Colleague: 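Below is one structure. I have some questions about it.
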Amino acid sequence: MGKLIVNGFKAREGVVEAPPSKALTLRYLLASALSRTWVSLRKLNWGDDTWSMIRGVKPISEIEVRDDYVRTRRGMMVERFRVIDVGESGFTLRVLTGVYSGIDGTTLLIPRGSLIGRPMDELLGALKNLGAKVDRLGSIIRVVGSKLVGGYVMISGSVSSQYISALLYLAPLTEGGIEVSIKPPIKSRPYIDATISVLRDFGINAERSDDTIYVSGSQEFRAVNEEFIVPGDYSLAAYYIALSVLTGIDLRIMNLHRDRAIESEYSFIKYAKEIGVEIEEYEDSVMVKGSSTKSLRPLNADLSDSPDIVMPLALLLTRVQGRSRILGVSHLVYKESNRLRGVAAVLKCLGAGVSVDEANGIIEIEGTHEIKGGCEIDALNDHRIVMMGVIGALSAREPVEIINWEGVSKSWPTFIWDLERLGADIKLA
Ligand SMILES: O=C(O)C1=C[C@@H](OP(=O)(O)O)[C@@H](O)[C@H](O)C1
Ligand SMILES: C=C(OP(=O)(O)O)C(=O)O
């Protein structure tokens with residue numbers, strides 16, 4: 001498909017819009033497609049993963065997809081045999097495996113690309129313990145669904161919080177509910193909270209105490225509002241913040257609402273401020289003062305809760321005088337690529353010092369005076385590695401070539417165009 005040649009950036013201050021939240025788009029879509037009442041969803045993230053979820057809910061819902069909104073509710077006539085291409089969306093594959101376990105009929109869920117090798121077994125095991133009929137042939141998951149009794153299940157929290165989200169979406173469809181006990185360490189915990197919060201918006205209550213969650217059975221999804229507007233995505237807006245700091249421009253980022261943020265993603269702002277980035281927060285936006293952000297302090301932080309902000313945070317840490325340490329990120333190896341390796345490869349190309357301990361999930365980054373560039377990055381079709389590579393390259397002294405960048409459309413299809421509008425010089429060769 002060709003490579004991107006990132007030549008640099010003619011600093012231009014500006015006002016940009018944060019892309020809509022991917023994680024909340026997927027959660028709202030699924031809950032709405034299970035809702036007895038019609039729901040309109042506005043300002044959706046239109047990345048590939050959203051299309052995965054739309055394909056995923058079609059067989060069980062009535063759904064109208066328009067340019068600027070989706071209107072949907074649970075279908076009266078449910079298709080009994082469904083073949084669903086879930087693309088590369090981990091959330092869609094895992095959570096639909098749970099949901100279809102509780103709905104009559106047979107479903108084949110087909111993952112593509114990097115999703116083929118990503119972990120599923122513990123979720124399949126937990127569902128089987130609950131009496132679900134799920135199995136796999138190679139990468140294809142087969143679910144023979146029925147109304148399940150429900151019950152108690154224990155599952156590891158160290159691989160993916162999406163396993164738990166899957167059980168939480170399934171629980172209301174069972175007769176007696178599900179009690180999930182999560183074996184620590186629990187990674188990406190705020191994404192579980194985000195699931196519980198969206199379920200609450202659809203009238204489903206979850207009782208939570210420490211590492212156990214109980215959702216009662218035989219509950220109907222009923223949206224508390226007729227319309228939901230998806231807020232901006234802090235984990236994606238983080239790349240704009242990194243751009244502002246690395247290139248020394250001021251940037252106002254609209255569509256960021258603190259009160260609706262997923263904590264795993266909002267924490268980017270917290271860490272950026274902690275190391276010395278000047279950010280002013282407003283009700284619906286943030287103002288990043290890249291021009292007056294001068295010296296940054298090293299960071300020593302556990303990012304178990306926040307896997308998706310490691311990439312843009314690593315970019316900020318290239319500018320720090322000294323050594324920073326990110327802990328708790330062993331789960332980065334289970335993403336669209338092995339992101340511990342991807343982050344290291346990008347940092348090396350940019351000229352920062354980096355060492356990675358895969359077994360313990362630790363990254364150490366030594367800042368540099370100058371981002372060098374003059375190298376090639378294989379972004380492995382992993383959207384967050386593409387974004388990291390491109391933003392880093394925009395502040396580099398010499399051009400950077402990026403191959404396997406098309407996967408950026410998973411969450412931000414207009415990424416390159418949005419940067420060009422701000423003054424980025426990027427060519428396709
Ligand atoms: O539930 C979600 O929407 C997500 C949970 C996280 O994954 P894990 O729970 O697998 O760490 C995160 O990395 C992913 O981008 C989105
Ligand atoms: C890992 C991600 O998503 P998913 O797990 O849903 O594929 C991501 O968006 O970085």
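Ligands are counted one by one from 1 in listed order, and the atoms in each one are counted from 1 as well. All values below come from the heavy atoms of this structure, side chains included, with hydrogens, waters and symmetry mates left out. Throughout, numbering of the chain's residues begins at 1 and tracks the sequence. Predicted, not measured: the structure shown is a model, and the values here were computed from it.
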Colleague: Under 4.0 Å, heavy atoms only, figure out whether ligand 1 is touched by the backbone of Pro307, its side chain, both or neither.
Modeller: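 The answer is the side chain of Pro307.
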Colleague: Applying a heavy-atom cut-off of 4.0 Å, say which part of Arg118 lies close to ligand 2: side chain, backbone, both or neither.
Modeller: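 Arg118 to ligand 2: side-chain contact only, backbone stays beyond 4.0 Å.
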Colleague: Considering non-hydrogen atoms of the protein only, which is the closest contact for atom 10 (O) of ligand 1, and what is the distance?
Modeller: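 Here the closest protein heavy atom is Ser160 OG, 2.6 Å.
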Colleague: Starting from atom 7 (O) of ligand 1, which protein heavy atom do you reach first, and at what distance in Å?
Modeller: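 The closest one turns out to be Lys335 NZ, 3.1 Å.
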Colleague: Under a 3.5 Å cutoff, is there a donor and acceptor pairing between the side chains of Tyr240 and Glu17?
Modeller: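 Checked: Tyr240/Glu17 side chains show no N/O donor-acceptor pair below 3.5 Å.
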Colleague: Return a yes/no value for Ser165: is any of its N or O atoms, backbone included, closer than 3.5 angstrom to an N or O of ligand 1?
Modeller: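 No.
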Colleague: Ring-plane angle category for Phe202 and Phe221, please: parallel below 30°, perpendicular beyond 60°, tilted otherwise.
Modeller: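 Correct class here is tilted.
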Colleague: State plainly whether the residues Glu358 and Arg341 are in salt-bridge range, i.e. N to O under 4.0 Å.
Modeller: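 Result for this pair is yes, salt bridge flagged.
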Colleague: Ser216 and Gln219: side-chain donor and acceptor closer than 3.5 Å?
Modeller: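 Ser216 vs Gln219: donor-acceptor pair found between side chains.
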Colleague: Hey, is Asp308 touching ligand 2 through its side chain, its backbone, both or neither, going by heavy atoms under 4.0 Å?
Modeller: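 It is the side chain that gets close, since no backbone atom is under 4.0 Å.
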Colleague: Write out the residue and atom name of the closest protein heavy atom to atom 10 (O) of ligand 2, then the distance separating them to 0.1 Å.
Modeller: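 Nearest protein contact, heavy atoms only, for atom 10 (O) of ligand 2 is Arg384 NE, 2.6 Å.
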Colleague: Within the 4.5 Å heavy-atom criterion, are Phe415 and Val390 side-chain neighbours or not?
Modeller: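 Heavy-atom side-chain distance check passes, below 4.5 Å.
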Colleague: Could you check whether Phe228 and Tyr28 have their ring centres less than 6.0 Å apart?
Modeller: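 Between Phe228 and Tyr28, which both carry aromatic rings, the centre distance is below 6.0 Å.
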Colleague: What is the closest protein heavy atom to atom 9 (O) of ligand 1, and at what distance does it sit?
Modeller: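 Here the closest protein heavy atom is Ser161 OG, 2.5 Å.
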Colleague: Any side-chain heavy-atom pair from Val15 and Met254 closer than 4.5 angstrom?
Modeller: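 Contact flag for Val15/Met254 side chains = yes.
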Colleague: Take Asp233 and Lys22 through the salt bridge (charged side-chain N to carboxylate O under 4.0 Å, His left out) test and state the conclusion after the steps.
Modeller: CA-CA 7 Å; Asp233 191 313; Lys22 172 169 89 83; over 6 Å; no
Colleague: Can you list the ligand 2 atoms lying under 4.0 Å from a non-hydrogen atom of Arg339?
Modeller: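 This gives 8 (C), 10 (O) as the contact atoms.
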Colleague: Looking only at distances, can you tell me whether any N or O atom of Gln162, backbone or side chain, sits closer than 3.5 Å to an N or O atom of ligand 2?
Modeller: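 In this structure, Gln162 places an N or O atom under 3.5 Å from an N or O of ligand 2.
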Colleague: State the atoms of ligand 2, each with its element, that fall below the 4.0 Å cut-off from a heavy-atom position in His383.
Modeller: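 Answer for ligand 2: 8 (C), 9 (O), 10 (O).
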Colleague: Is the closest N or O pair between Lys335 and ligand 2 shorter than 3.5 Å?
Modeller: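 No - when backbone and side-chain N and O of Lys335 are compared with those of ligand 2, no distance drops under 3.5 Å.
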Colleague: Hey, does His331 come in under 3.5 Å of ligand 1, counting only N/O atoms on both sides?
Modeller: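 It does not: no N or O of His331 is found under 3.5 Å from an N or O of ligand 1.
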Colleague: Consider every N or O of Arg94 and every N or O of ligand 2, then say whether any pair is closer than 3.5 Å.
Modeller: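 No.
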Colleague: Can you tell me which residue and heavy atom of the protein come closest to atom 3 (O) of ligand 2, and the distance to 0.1 Å?
Modeller: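 For atom 3 (O) of ligand 2, the nearest protein heavy atom is Lys22 NZ, 3.2 Å.
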Colleague: Considering only non-hydrogen protein atoms, determine which one is nearest to atom 14 (C) of ligand 1 and report residue, atom name and distance to 0.1 Å.
Modeller: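 So the nearest neighbour among protein heavy atoms is Asp308 OD2, 3.4 Å.
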Colleague: So, the side chain of Arg94 versus the backbone of Pro119: is there a donor-acceptor pair under 3.5 Å, distance only?
Modeller: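 Side chain of Arg94 to backbone of Pro119, a donor-acceptor pair under 3.5 Å: yes, one is there.
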Colleague: What protein heavy atom lies closest to atom 2 (C) of ligand 1? Include the residue and the distance to one decimal.
Modeller: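 Residue, atom and distance for the closest contact: Arg27 NH2, 3.4 Å.
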Colleague: Judged by modelled atom types alone, do Ser89 and Ser52 share a side-chain donor-acceptor pair under 3.5 Å?
Modeller: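 Side chains of Ser89 and Ser52: no pair found under 3.5 Å.
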Colleague: With atoms numbered from 1 as shown, which atoms in ligand 2 lie under 4.0 angstrom from a non-hydrogen atom of Gly90?
Modeller: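 Every atom of ligand 2 under 4.0 Å from some heavy atom of Gly90: 4 (P), 5 (O), 6 (O), 7 (O).
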Colleague: Are any of the N/O atoms on Tyr191, whether in the backbone or the side chain, positioned under 3.5 angstrom from an N/O atom of ligand 1?
Modeller: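 No: no nitrogen or oxygen of Tyr191 is under 3.5 Å from one in ligand 1.
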Colleague: Would you please say whether a donor-acceptor pair under 3.5 Å links the side chains of Arg384 and Ser235?
Modeller: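 Indeed, the side chains of Arg384 and Ser235 share at least one donor-acceptor pair under 3.5 Å.
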Colleague: Of all the atoms in ligand 1, which lie at a distance below 4.0 Å from a heavy atom belonging to Ala23?
Modeller: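 Listed by number with element, the hits are 3 (O).
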Colleague: Under a 3.5 Å cutoff, is there a donor and acceptor pairing between the side chains of Asp418 and Tyr239?
Modeller: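 Looking only at side-chain atoms, Tyr239 and Asp418 do not form any donor-acceptor pair under 3.5 Å.
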Colleague: Might you work through the salt bridge (charged side-chain N to carboxylate O under 4.0 Å, His left out) test for Lys147 and Glu175, ending with a clear yes or no?
Modeller: CA-CA 7 Å; Lys147 180 111 182 159; Glu175 259 170 51; over 6 Å; no
Colleague: Please work out whether any backbone atom (N, CA, C, O) or any side-chain heavy atom from C-beta onward of Gln162 is under 4.0 Å from ligand 1, and answer side chain, backbone, both or neither.
Modeller: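 It is both parts that get close, each with some atom under 4.0 Å.
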Colleague: Only heavy atoms of Phe91, strictly under 4.0 Å: list the atoms of ligand 1 that pass.
Modeller: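 Ligand 1 atoms under the 4.0 Å threshold to Phe91: 1 (O), 2 (C), 3 (O).
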Colleague: Let me know which of Arg325, Arg323, Lys348 forms a salt bridge (Lys or Arg N to Asp or Glu O under 4.0 Å) with Glu366.
Modeller: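 The single option meeting the salt bridge (Lys or Arg N to Asp or Glu O under 4.0 Å) with Glu366 is Arg323.
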Colleague: I'd like to check whether Lys22 has a polar contact with ligand 1, where a contact means an N/O of the residue lying under 3.5 Å from an N/O of the ligand.
Modeller: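 In fact, backbone or side chain, Lys22 has no N or O that close.
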Colleague: Got Leu313 and Leu303 here, is their nearest side-chain heavy-atom distance under 4.5 Å?
Modeller: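 A side-chain contact under 4.5 Å exists here.
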Colleague: Distance under 4.0 Å to a non-hydrogen atom of Glu88: what atoms of ligand 2 satisfy this?
Modeller: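 Per the distance check, 7 (O).
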Colleague: Return the closest protein heavy atom for atom 2 (C) of ligand 2 as residue, atom name and distance.
Modeller: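 It is Glu336 OE2, 3.1 Å.
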Colleague: Give me the residue, atom name and distance of the protein heavy atom closest to atom 6 (O) of ligand 2.
Modeller: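 Checking every protein heavy atom, the shortest distance to atom 6 (O) of ligand 2 gives Phe91 N, 3.0 Å.
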